[in-house]
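First comes the structure, then the notes that go with it.
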Amino acid sequence: MDEFSSEIRFTDIFEQAEIQRLQDLFSDATGVASIISDPLGNPLTRPSNFTRLCSELIRPTEKGMELCRKSDAAIIGTVSSEPVVSPCLGCGLWESGVPVFAGGKHIANWLIGQVRDENIDGNRTAGYADALGLDGTELGKALEEVPVMPVEKFRKVAKMLSFYVNGLSEKAYENYLKNRKIEELDKANNELLESEVRFRNLLMDVQSVSVQGYDADGITQYWNTASEELYGYTAGEAIGRNLLDLIIPPEMRSFVKQAIAQMVDSGEPIPASELMLMRSDGSRIPVFSSHTIVKIPGKAQELFCIDIDLSDLRKAEEKLRESEEKYRFLTENISDVIWIYNITYNKFTYISPSVLNLRGFTDTEAMKEGLSASLTPVSAKGLIEKVPSRMREFQDGISKTYIDELEQVCKDGSIIWVEASTKFQNAKDGTIEVQGVSRDITARKLAEIALRESEEKYRLLVENAGIGVGVYSPDGRILFYNQKAVEHMGGKAEDLIGKTLKEVFGEHVEKIYLNRFREVSESEQSLEYEDFVTLPTGNYWFLTNNTKILGPDGEVTGVMLLSHDITERKLAGEMLDKERLLFRTLIDNIPDAIYSKDLNYCKTLANETEVRYMGAKSEADVLGKDDSAFYPEELAKKFLEDDKLVIESGKPILNREEFIFDEQGQKRWLLSSKIPLREKGGEISDLLGIGRDITDRKQVEEALARK
């Protein structure tokens with residue numbers, strides 16, 4: 001491929017109307033149907049000369065279109081020196097095609113066909129009509145309308161198409177390249193022109209280059225902005241004065257005056273050099289000074305001095321010396337080991353002192369040791385095998401940094417893992433050396449080993465988990481089932497992996513699950529669903545957690561389902577619901593007052609009798625409230641004392657006689673019991689109260705007492 005082919009498209013080299021016209025002419029001339037599609041099978045042109053059989057009957061059906069695409073793909077995908085001619089997968093019409101290339105890139109397919117032999121297979125036609133859900137008689141009539149063409153003639157048409165397409169695409173691509181190169185050339189010329197303009201503007205105002213122009217006597221004629229900044233004179237102050245008086249120190253003026261005379265006489269500039277020149281305040285400044293002479297016919301020659309301020313360079317050099325000192329200190333004290341190995345001489349030429357902390361050797365000992373001896377036999381062999389290919393790459397001009405994980409032997413005989421970053425370079429004497437940095441990664445390698453073991457444990461855990469684990473592709477294809485999921489399905493993993501939801505569970509279930517996959521793919525969290533399902537092994541209730549799986553690029557690559565069998569829990573829940581209903585019905589219809597309170601002494605349950613005693617209209621009016629909201633202060637206080645006694649002591653109060661005032665203000669006597677309720681661990685969580693109305697009995701007792 002060339003520099004443009006990677007980005008080229010069919011529409012870049014062919015004008016749509018023109019290629020449509022050529023396609024129509026080809027079909028009219030040869031009597032075959034024709035269409036051009038992209039490499040994926042999407043049409044790029046309108047069909048030419050299509051038969052009624054294909055355009056009105058077969059292609060409008062989903063299955064018919066699918067078979068047409070498969071036929072086209074089979075033809076284009078077959079490697080052959082000549083165009084492939086074969087019957088289509090539908091009615092067996094002859095078809096062929098030619099891939100269109102541009103610069104080595106496949107950009108389109110030119111497909112032809114829709115002709116037949118004289119003989120028509122009636123059985124095949126009838127079967128194909130049934131498969132597409134079409135009327136067999138109508139399909140047969142349309143098939144008879146298809147042009148008849150001997151296969152040998154069709155092969156010749158296909159060869160002609162191949163020659164036609166290759167020549168057409170080659171010519172179109174040549175024109176495309178010419179246009180692109182012309183565009184590139186125009187762009188380069190424009191950029192060059194813009195660059196020249198920018199350069200001229202930059203030269204006038206650049207702050208870092210000081211330019212002074214002067215005549216043969218040294219009288220200043222030009223003074224740019226940078227000269228004003230560098231030497232402290234404005235252009236108005238400098239122009240007309242002698243350059244020697246402006247910037248040349250007194251001790252240098254005689255020498256510079258001779259140099260100016262030499263340039264005037266010889267017409268050649270003196271060599272550039274570093275000078276210490278003078279500013280307007282008398283201070284000295286280092287510059288790199290170069291000279292040039294401009295000769296314009298009819299005018300006196302003009303001399304130019306071009307000075308570059310070296311002050312920052314001097315400061316940078318000082319910083320560089322400091323940096324080199326820091327670098328030396330760093331290499332001697334860093335934990336990583338920096339080393340240089342000369343391949344030509346087969347020896348180390350430098351190892352940083354940090355090798356002592358890494359391997360227990362001094363740098364002198366390590367340099368005598370040699371490269372192979374510093375590694376385990378396996379690591380040494382592997383590294384030596386890589387050197388020749390890396391040498392060839394370096395000699396071919398390829399500069400790379402290579403990363404190797406190696407086992408090194410320490411002075412005490414122990415083994416450590418190091419990550420060695422290496423790069424080839426030419427030494428000053430022309431030999432080849434390797435610069436390397438070795439870092440201790442023993443802890444990381446041990447962690448990787450532990451991670452692999454952990455991953456194996458995780459795999460075993462998933463495989464043997466008590467819940468079903470399944471992984472699906474976003475389009476509903478089964479990618480993984482663990483053992484529990486396979487047991488639920490009553491089959492084998494190999495019989496399920498790769499199948500679609502529709503194949504395993506049916507179209508209705510597939511639609512539900514694909515909708516869920518879309519929801520979880522768009523959600524930032526996992527989603528849970530509760531389902532009653534019928535599987536080959538029985539009926540189940542499942543609580544399923546759906547979690548999307550992301551690839552390295554952040555795209556959703558799958559959905560993982562964790563299916564918890566909650567059948568027993570659901571049945572138990574249904575039984576509990578029935579028991580709760582039975583219990584609630586009982587307490588609401590029993591004549592005694594029944595209630596419960598939390599540890600803050602607020603009502604959490606009250607039956608109808610208790611609600612009536614409290615003077616409320618419904619249970620909702622009393623829940624979350626204490627007795628002070630409904631009873632007189634003294635009475636509420638007495639109830640609270642009893643409640644606290646039961647909660648704090650853990651002992652019940654049984655059959656205590658006490659009174660309340662009902663909604664009509666009448667005194668009512670109750671035989672009251674308060675019982676602490678405990679959780680499984682024995683901690684008190686609630687208080688249960690029962691009150692039986694004994695007012696009639698108390699009245700009888702009082703009457704008897706009066707008598």
Side-chain donor-acceptor pair present, Glu487, Tyr481, cut-off under 3.5 Å: no
Short side-chain donor-acceptor distance under 3.5 Å, Thr547 and Asn545: yes
Could you tell me whether a side-chain N or O of [X] sits under 3.5 Å from a main-chain N or O of [Y], the two making a donor and an acceptor?
X: Thr544; Y: Leu561; answer: no
X: Ser374; Y: Leu371; answer: yes
X: Ser55; Y: Thr51; answer: yes
X: Thr344; Y: Ile432; answer: yes
X: Asn109; Y: Leu111; answer: no
X: Lys484; Y: Val469; answer: no
X: Lys499; Y: Asp495; answer: yes
X: Ser96; Y: Val84; answer: yes
X: Arg116; Y: Glu144; answer: yes
X: Asp12; Y: Arg9; answer: yes

Verdict with supporting geometry, Tyr540 and His488, ring-ring contact (aromatic ring centres under 6.0 Å, His included): CA-CA 9 Å; Tyr540 300 90; His488 281 142; 5.1 Å; yes
Less than 4.0 Å between a side-chain N and a carboxylate O, is that true for [Y] and [X]?
X: Arg52; Y: Glu138; result: yes
X: Glu555; Y: Lys548; result: no
X: Lys386; Y: Asp404; result: yes
X: Asp24; Y: Arg21; result: no
X: Glu522; Y: Arg518; result: no
X: Asp440; Y: Lys445; result: no
X: Glu82; Y: Arg155; result: no
X: Glu152; Y: Lys156; result: no

Arg477 NZ/CZ over Tyr472 ring centroid, <6.0 Å and within 45° of normal: no
Cation-pi check, Arg516 onto Tyr529 ring (under 6.0 Å, within 45° of axis): yes
Any [X] side-chain heavy atom under 4.5 Å of [Y] side chain:
X: Leu383; Y: Arg390; answer: yes
X: Tyr513; Y: Asp531; answer: yes
X: Trp339; Y: Val437; answer: no
X: Ile35; Y: Phe50; answer: yes
X: Ile19; Y: Ile36; answer: yes
X: Leu168; Y: Phe14; answer: yes
X: Val157; Y: Ile112; answer: yes
X: Thr45; Y: Trp110; answer: no

The single option from Gln114, Met149, Lys153 passing side chain to side chain contact (heavy atoms under 4.5 Å, CB included) against Val32: Met149
Shortest non-hydrogen contact from [X] to [Y]?
X: Leu44; Y: Ile107; result: CD1-O, 4.5 Å
X: Pro474; Y: Leu514; result: O-CD2, 3.8 Å
X: Asn546; Y: Val520; result: O-CG2, 3.2 Å

Return the [atom1] to [atom2] distance between [X] and [Y], rounded to the nearest 0.5 Å.
X: Ser438; Y: Asp336; atom1: OG; atom2: CG; result: 8.5 Å
X: Arg69; Y: Asn42; atom1: CZ; atom2: CG; result: 5.5 Å
X: Leu132; Y: Thr61; atom1: CG; atom2: OG1; result: 4.5 Å
X: Glu510; Y: Thr500; atom1: CD; atom2: OG1; result: 5.5 Å
X: Glu407; Y: Thr442; atom1: CD; atom2: OG1; result: 9.5 Å

Heavy-atom neighbours of [X] [atom1] exceed 12 at 6.0 Å:
X: Gln395; atom1: CD; result: yes
X: Glu494; atom1: CD; result: yes
X: Tyr345; atom1: OH; result: yes

Ring centre gap for Phe26 and Tyr164 strictly below 6.0 Å: yes
Aromatic centroids of Phe532 and Trp541 separated by under 6.0 Å: yes
